Amino acid sequence: MGTSRRISPSISRPFRPVPLTVTAAVGALVLTALAPGSATADPTPHPVTREGSPLGAGRAATTPEAAAERALHDAPSTPQGPGSDRGRGYPRERELDVPPANPADKSIKLGLTPYHGIAPKLNALQRIGDRVSVEIAGRSAGGHQLYLVTVTAPESARETARQTRMREQIENDPARAAKDRAIKSSYKTPVFVNNNIHGNEWEGTDAALKLIERLAKAEDKDSRELLARNRLYFNITTNPDGRIAGTRANANGFDLNRDFITASQPEARAVRRIAVDKQPAVMIDLHGYVNGTLIEPTTPPHGENYEYDLFLKNSYANALGMEAAVNGLGYTEEKDGVKPAVIPFRDQQEGWDDWPPIFTPQYMPFHGAVATHTIEFPLQVNNNAYESQPVAELRRRAAVNVDIAGAAMRATLDWTYRHRTSVIADQIEVFRRGAAGAEQVPVSEETVPGVPGIGPEDVYTTEFPRAYVIPAHGRGQRSAPAAARLVDHLIANDVRVERASHGFRLGGRTYPKGSYVVDMHQPKRGLANVMLADGRDISDKVSTMYDISGWSLGRLWGASVDPVERGDLRGVHGRTVRAASRVGYVAPHGNLRLRLDDPREIAALNSLLEKGVSVRRDRDGSAVVPSSARRAATAAAKKYDVAFDATKAKGGAALHRTRVAAAVTPGELFALREMNFDVVPVSTTVLNSGFDWQKADVLFVSAGLDRSKLNTAARAALDRFLAGGGGLVGRGGTGAALNADAGLLPVKAVTGNGDANGVVRVVNAGGTVTGGAPDHSFVYSPSWFTDLGRGVRVEQRYGTGDPLVSGHWRATEDGSGGPADAAGRASVVSGSAGGADVVLFGTEPLFRDHPKGAFPQVGRALLSMGR
């Protein structure tokens, strides 16, 4: 038992027989024995997928500024978005605008539906009968509409309002909902099917369109019953930008299935809105390509903030049905190249985990979904296969994948229909435990009967604090903008936040009026905790992880967040807020100080510099704005919600608008634009083609630029730029390599374990770069600097002892590269060499646009080099 189920990926796995499974189709239930050996698959873990990989590995981001503008400034929900049709019943037909035909759409080669072909199909499906409705859930970074289709039996406006009241009661009063006979008998179970979140994993979209058409036309009793008892939601393509371009990422270069919790991209925010408004109890997310078809639940480690006993019970049962439905299609490896389906929880040891909340199926449980799955159909049609395989073979593979995706969808609908009472009861129980502050139930064969092979390696629970407090700060203090951002983010994720109307004492501390309190006795406590808690160091639990392992907003977003382990909240008087209080303020007299400790403050400064306002840098790195620019400061304070306080300081060196030539990852490029820097993307190729260095003050390098691969002219031009006073900001191995190759800052860069990532403790020296910085940062493939030469300043060090707070960071096989080697070492260094000002980062302060509190370290470094 336990570890006997999962063994090292490097050795063969013994098959654990499962005596009974389910072949599922809408309206049909067939029990069949599972033959030994039918679930075999290569258990080798998938490699970590970083930004831009696999095809873009090492390339610099080149995404257009317009896409970033759309992503940064899109509304949380469009006028036609989810929740805008309150007061209406179903169907809610809407004639969609049809985009112009695009013969370059990469779907066409595969015989699949191009993006411009989706709207006409949906218009036609709405006309078939009275079951299909379409909403515009939002727009992509590239400006394409996101189509959310609802399929259900017709509802009067009165019935829809009744369904809404029941849904709200399930979340807001779960104890009462558990006893409500109307919910048990007539609440429609919400099922969510998410498709094409990776743009070049196309086939879920076409399977969904086929299933919607089938349900729109079906007259059999089973289909009518299905639609009478369920609401089915289909996100037709989550990533139309990538679908059209044949890329994994959206128009900003973001892997959208890494963006939940951060929600930097409009597509992720649209799915978040669906999660909040529709409250799915079951969801599946369609992907490719793993042969045999991969069907979650996953290997350990499992997210410690889930009600995992309820989740595993339902997810494993639905997985068995999907497995049987997929295998029941009759495809074989010999005839079709299709291996039998795989359930990682049962069939693999590690490497496909559900620890981070950044993936759609790992985010949805926090909104009450009790069965969620990634489905990976088997036959590859993207990347190299797209270019190398004949069109006929690509279309054969795509058709098989569409068939398999459809089988998974139909099996999920059938399973949900047959278990709707227990599924909704378990969703209610998730919310009840949160609202009551109940303890989690550890998984075991007793608590989750029917799931074989549960062992101690599957047990992950946490102790929730009684509350979190985000203290109020005076205008212009370091945490004020960060606290407002964090509170707004919590609220957008449907976490309840109160603002104290009086000062109070809690957990042995005294807090001022205006402080924010997150009472952890609330339905979505798991989501609150996953954002605000430190997280856990799981380095000793498994040898490998699928992606990142630490993400704490409480540590990385720059706000002060205090956990209160126990205490009586009755002494806290306040009200639930829908938005954070505004921070924006401009002192009425004297010169103005703008702290540069938050990305909003950096953005506000850059807006002033762009308008020609004279600004000077003070000794602590903050900006001094003359009193004559008060009107411009007022506009910036309002737009960016930042505070300009009075100061008697006149400041020192003048600050200038910094023009940045950036060879960076998509997340870094996006973060630079978020801070309003004037950015020109560059790369080895761009420089070799002839780049005008008059357009830049600073070169920021972390990806896609290798000085040794520059041609003679490009190398000479780069060297002249650096020798002539151009700045260099480098991050990671690529930045350090360019520094060394150009003979600039005398340091030795040491690379740690390339798989390591997480939240780390740091010690800041203060001053221009790390003044006001948080005492935590983020690392991914961390590095540090030794053998520091003359003139090198240490701006930041890793904490002593074990610097890792949460995440996964082991030493390599030879014992090097672990956190012990990094402890106390320089993580950020600066200096002047060869005519250039240089700052090098061994951390990842802009990673995937996530660690907001660390952004200003890069912003300050760049501003110090403006000319």
Side-chain angles (χ1 to χ4, degrees), residues 59-66 68 253 602-603 605-612 615 617 653-707 709-732 734-739 741-745 768-769 830-841 845-846 855 857-867:
R59 295 183 184 176
T62 59
T63 50
E65 189 170 0
I602 302 287
L605 172 62
N606 276 326
S607 74
L608 295 177
L609 295 174
E610 186 178 15
K611 294 175 181 177
V615 183
R617 184 174 64 240
L655 288 167
H656 300 282
R657 177 81 163 147
T658 304
R659 300 166 301 167
V660 184
V664 294
T665 67
E668 290 169 326
L669 180 59
F670 191 85
L672 292 174
R673 287 171 172 162
E674 188 175 331
M675 291 187 285
N676 267 350
F677 280 102
D678 182 0
V679 185
V680 179
V682 297
S683 63
T684 302
T685 301
V686 169
L687 298 192
N688 280 337
S689 298
F691 178 71
D692 182 5
W693 283 104
Q694 295 296 317
K695 297 179 180 178
D697 302 307
V698 184
L699 173 62
F700 182 10
V701 176
S702 68
L705 202 164
D706 185 340
R707 184 177 178 277
K709 294 182 180 178
L710 296 176
N711 59 41
T712 302
R715 189 181 302 116
L718 171 59
D719 291 346
R720 285 195 299 272
F721 167 76
L722 296 172
L728 171 65
V729 174
R731 198 271 302 158
T734 301
L738 189 142
N739 172 75
D741 197 41
L744 298 176
L745 208 60
T768 300
V769 176
S830 67
S832 297
D837 290 329
V838 181
V839 178
L840 300 177
F841 289 87
L846 306 182
F855 284 17
Q857 297 171 39
V858 173
R860 283 170 167 243
L862 294 171
L863 287 165
S864 71
M865 300 176 187
R867 294 186 289 180

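None of these values were measured; they are calculated from a predicted model.
Within the 4.5 Å cutoff, no side-chain heavy atoms of V701 are placed close to those of N739. With a 4.5 Å cut-off on side-chain heavy atoms, V680 and V660 do not count as touching. Side-chain atoms of L846 and F855, non-hydrogen and from C-beta on, do get closer than 4.5 Å to each other. Side chains of V615 and L609 form a contact here, defined as non-hydrogen atoms less than 4.5 Å apart. N606 places a side-chain heavy atom less than 4.5 Å from the side chain of L863.
When every heavy atom of A61 is checked against every heavy atom of L669, the shortest pair comes out as CB-CD2, 3.8 Å. Residue A696 comes nearest to F691 through the heavy atom pair CB-CE2, 4.5 Å, listed as atom of the first residue, atom of the second, then distance. Taking all atoms of both residues into account, the shortest heavy-atom contact from G253 to T63 is N-CG2, 3.5 Å. L745 and S832 get closest at one heavy-atom pair: CD1-N, 4.2 Å. T734 approaches A703 most closely through the heavy-atom pair CG2-N, 3.8 Å. Summarising the geometry of F721 relative to V698, their closest heavy-atom pair is CZ-N, 3.8 Å, with the distance given to 0.1 Å.
Remark: side-chain polar atoms of T684 are paired, donor with acceptor, to backbone N or O of G704 under 3.5 angstrom. Side chain of R707 to main chain of L738: no donor-acceptor pair is present (N/O by atom type, distance under 3.5 Å, no hydrogens or angles). Without hydrogens or angle criteria, R617 side chain to A653 main chain gives no donor-acceptor distance under 3.5 Å. S683 places no side-chain N or O within 3.5 Å of a backbone atom of L705 that could act as its donor or acceptor partner.
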From CA spacing to verdict: side chain to side chain contact (heavy atoms under 4.5 Å, CB included), F700, L728:
CA-CA 6 Å; F700 182 10; L728 171 65; over 6 Å; no

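Residue L699 is tested with V729, V838, L718 for a side chain to side chain contact (heavy atoms under 4.5 Å, CB included); the sole match is L718.
When the side chain to side chain contact (heavy atoms under 4.5 Å, CB included) test is applied to S702, the partners found at least two apart in sequence or on another chain are V664, T665, E668, R731. Among residues two or more places apart in sequence or in another chain, the side chain to side chain contact (heavy atoms under 4.5 Å, CB included) test is passed with A714 by L687, N688, L710, N711.
Rounded to the nearest 0.5 angstrom, S607 OG and N676 CG are separated by 6.0 Å. In this structure, L672 CG and T658 OG1 are separated by 11.0 Å, a value rounded to the nearest 0.5 Å. One distance of note links CG of D741 with CG of D719; it measures 8.5 Å at 0.5 Å rounding. Going from atom CE of M675 over to atom CZ of F670 covers 11.5 Å, rounded to the nearest 0.5 Å. Between the OG1 atom in T768 and the CD atom in Q857 there is a gap of 13.0 Å [rounded to 0.5 Å].
Remark: D697 does not engage R657 in a salt bridge, criterion side-chain N to carboxylate O under 4.0 Å.
Residue pairs that meet the salt bridge (Lys or Arg N to Asp or Glu O under 4.0 Å) test with at least one member in residues 672-696, sequence neighbours left out, are E674-K852.
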